[in-house]
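What follows is a short report on a single structure.
Just so it is clear, the values below take in all heavy atoms, side chains as well, and ignore hydrogens, waters and symmetry mates. Just so it is clear: chains get the letters A, B, ... in the order the sequence lines come, proteins before strands, and each one is counted from 1.
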2 protein chains.
Amino acid sequence: MTRRKVSNPLALAVLSLLRERPMHPYEMSRTLRQRNKEGSIRLNYGSLYSVVDKLMTHGLIESQETVREGQRPERTIYRATPAGQAEFEDWLAELLSTPVKEYTQFEAGLSLLPGLPPDEVANLLERRCEHLEETLAASDAVLGPGGADLPRLYWIEWDYVRAHLETDLAWTRRLVRDIRDGSLEGIGEWRRFHTTDADSDARLTSGENPAPEGDPASQTPRPPRKANARKAT
Amino acid sequence: MTRRKVSNPLALAVLSLLRERPMHPYEMSRTLRQRNKEGSIRLNYGSLYSVVDKLMTHGLIESQETVREGQRPERTIYRATPAGQAEFEDWLAELLSTPVKEYTQFEAGLSLLPGLPPDEVANLLERRCEHLEETLAASDAVLGPGGADLPRLYWIEWDYVRAHLETDLAWTRRLVRDIRDGSLEGIGEWRRFHTTDADSDARLTSGENPAPEGDPASQTPRPPRKANARKAT
DNA sequence: ACTCGAATACTCTACGTCGAGTATTCGAGT
DNA sequence: ACTCGAATACTCGACGTAGAGTATTCGAGT
């Protein structure tokens, strides 16, 4: 059990909307889209309807009425209960005050980085830099003189994401440089493993067994496949 | 279908390990833990075994033998196939070269920020700053003179995470300041909605409808519960 | 000789999520 | 009067994941 009865952040957005005024689910999705919360809160129908259900069963929202306009399918209109109000405030407070560790794809990639040869990695990271530059440029275009420029309060999430994008870009550039000019600590060993013999990178991804510098590869206890390792595929 | 046959990054770690040498699942988990990849790749048994299964059925790994030592349960030892090798390289290359948008809890929180009154938000964010400081200090302690200090290559993920933590802290501090000294654009409206009348923040979370300044709260179309909203909890 | 906790080595299931699919209706154009 | 695409308003099932639970075994201590 994940502490909250409903843990998907989408539920928080739903509560937020229902604090404003009663709505039916489809309107919630439309509204979130219009206010481009989609950029910061994952939204899809499956999750939306199941989240609304769960909020109901836990008494955080209640159905106010069921109406049908014209020949459209029926729609159930929900409103927040006092418990729902409280949950919203408590949950939002938690999100704002308490950082949680989140796993990113790139982090996973970095931690296995020695699995590819240094020069290739440098090229790949350079591609990453290009992508990041494009994304930054695009976000400039959206928030700049072109689009509606609202006060900062209303695009505060974008600002946050932007700051991280910039850090990411700067950090990645530095890493590329450090690989290219050979100043990255440990690169000697890394390069050796990818040139001297086929493609053994045993324990190179490790971080265990500091390997006291000097004493080549003698202690690596790996007999198996090696000569024909690269020829395949 | 998510492009890759197996999409959990844990599978990438498994392939990485099996490139080094054949192993059984439990040993994989032990090894990942020892090398503290747990910090960057989510690891739990359920996922591990199901990921290994899927890798098998897709021909990316194969079972080499099944052994039993002493009275311990049987263990199946797996090794990577050539297809698995290729998948590893391709996947890792993608992770390193192509940034993907990931949704964070905090971002979600930020985007709903006007749901709480400015002063409370400032306090909450300050708490966040304290947490971030602690985390940074802790990571210093681990990587600093105390722990084993390996070459940078081996804690590159940590370095990356650290950079983002620092950005996060700086950014959050700035925001707190801007709220406190009232220099955040839009804070007037925000504050007004939380003081003039109870706790209406209608369309304040929006970013739609710029609201041409002047024309108090006349247009807010919300009658419901209001006086007793804050007294609860 | 016995205890008790840590480590070994998984299994199982409830739960959440994703997103393609469906069926209808409205409105702009010809 | 008709067409055709966009919007409305959801449903459904396959899939992935979390993590508590289970059962055993080893080793340190008394």
Side-chain angles (χ1 to χ4, degrees), chain A residues 1-14 17 22-34 38 41-58 60 63 65-78 100-105 108, chain B residues 1-14 17 22-34 38 41-58 60 63 65-78 100-105 108:
Chain A
M1 287 305 121
T2 37
R3 183 94 196 298
R4 311 247 160 224
K5 318 98 235 148
V6 191
S7 60
N8 190 331
L10 184 54
L12 187 67
V14 167
L17 291 170
M23 275 188 206
H24 56 95
Y26 189 77
E27 189 183 359
M28 297 174 198
S29 88
R30 248 183 10 217
T31 310
L32 290 174
R33 205 153 281 164
Q34 264 162 33
E38 262 201 298
I41 297 176
R42 197 176 261 120
L43 168 60
N44 67 51
Y45 292 122
S47 306
L48 178 58
Y49 287 91
S50 81
V51 143
V52 166
D53 269 10
K54 295 208 85 198
L55 288 172
M56 265 285 273
T57 66
H58 288 285
L60 300 174
S63 79
E65 53 177 339
T66 300
V67 301
R68 103 176 292 157
E69 287 178 5
Q71 231 36 292
R72 297 300 181 72
E74 282 193 337
R75 301 171 310 187
T76 304
I77 297 184
Y78 299 90
V100 293
K101 203 258 180 296
E102 329 219 22
Y103 296 79
T104 67
Q105 302 274 100
Chain B
M1 285 307 122
T2 39
R3 183 96 195 298
R4 309 250 160 223
K5 317 99 235 151
V6 191
S7 60
N8 189 330
L10 184 54
L12 187 67
V14 167
L17 291 171
M23 277 188 205
H24 55 96
Y26 189 78
E27 188 181 359
M28 297 174 199
S29 87
R30 248 182 12 216
T31 310
L32 290 173
R33 204 152 281 163
Q34 265 162 31
E38 264 201 298
I41 298 175
R42 198 175 261 120
L43 168 59
N44 67 51
Y45 292 123
S47 306
L48 178 58
Y49 286 92
S50 81
V51 142
V52 165
D53 270 9
K54 296 206 85 197
L55 287 172
M56 265 285 274
T57 65
H58 289 285
L60 301 174
S63 79
E65 54 177 337
T66 301
V67 300
R68 105 175 290 158
E69 287 178 5
Q71 229 38 290
R72 297 301 182 70
E74 281 193 339
R75 301 171 310 189
T76 304
I77 297 184
Y78 299 89
V100 293
K101 202 260 180 295
E102 331 218 21
Y103 297 80
T104 68
Q105 302 275 103

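Atoms NZ and CZ, on Lys101(B) and Arg42(A) in that order, are 9.0 Å from each other to the nearest 0.5 Å.
Atom CD in Gln34(B) sits about 9 Å away from atom P in dT8(C), given to the nearest Å. Spacing between atom CD of Glu102(B) and atom P of dT17(C) amounts to 17 Å, rounded to whole angstrom units. Following rounding to the nearest Å, Asn44(B) (CG) and dT11(C) (P) show an atom-to-atom distance of 15 Å. Across the protein-nucleic acid pair, Glu27(B) atom CD and dC10(C) atom P stand 11 Å apart, rounded to whole Å. Rounding to whole angstrom units, OH of residue Tyr49(A) and P of dC12(D) are separated by 13 Å. Look at CG on Asp53(A): it is 14 Å from C1' on dT17(C), rounded to the nearest Å. Rounded to an integer number of Å, the gap from CG of Leu48(B) to P of dC10(C) is 9 Å. Rounded to an integer number of Å, the gap from Met23(B) CE to dC10(C) P is 14 Å.
For Arg42(A), the listed nucleotide lying nearest its side chain is dC18(C); candidates were dC18(C), dT17(D), dC15(D). For Arg30(A), counting side-chain heavy atoms from C-beta on, the closest listed nucleotide (dA18(D), dC18(C), dT8(D)) is dT8(D). Considering only side-chain atoms of His24(B), the nucleotide from dT17(D), dC10(C), dA18(D) that sits closest is dC10(C). Nearest nucleotide to the Tyr26(B) side chain, out of dA9(C), dC10(D), dC15(D): dA9(C).
In terms of position along DNA chain D, the nucleotide closest to Ser47(A) lies nearer the 5' end than the nucleotide closest to the other residue of the pair Ser47(A) and Pro9(B). Two residues, Val6(A) and Gly46(A), neighbour DNA chain C, and the one matched to the more 5' nucleotide by heavy-atom proximity is Val6(A).
Judged by distance alone, the side chains of Ser50(B) and Asp53(B) never bring a donor and an acceptor atom under 3.5 Å apart.
In this entry dT30(C) has dA1(D) as its Watson-Crick or G-U wobble partner, both defining distances falling under 3.5 Å. Nucleotide dT8(D) forms a Watson-Crick or G-U wobble pair with dA23(C), both donor-acceptor distances falling under 3.5 Å. Pairing for dT17(D) is with dA14(C), a Watson-Crick or G-U wobble pair whose two hydrogen-bonding atom distances lie under 3.5 Å.
Distances shown here put a side-chain N or O of Asn8(A) below 4.0 Å from the OP1 or OP2 atom of dT17(C). Between Lys54(B) and the phosphate of dC15(D), there is no side-chain N or O to OP1/OP2 separation shorter than 4.0 Å.
Note: His24(A) and Tyr26(A) have parallel aromatic rings, judged against thresholds of 30 and 60 degrees for the angle between ring planes.
Gln105(B) places no side-chain N or O within donor-acceptor distance of the main-chain N or O of Val100(A), the cut-off being under 3.5 Å. Panel note: side chain Asn8(A), backbone Ala11(A); no donor-acceptor pair is recorded below 3.5 Å.
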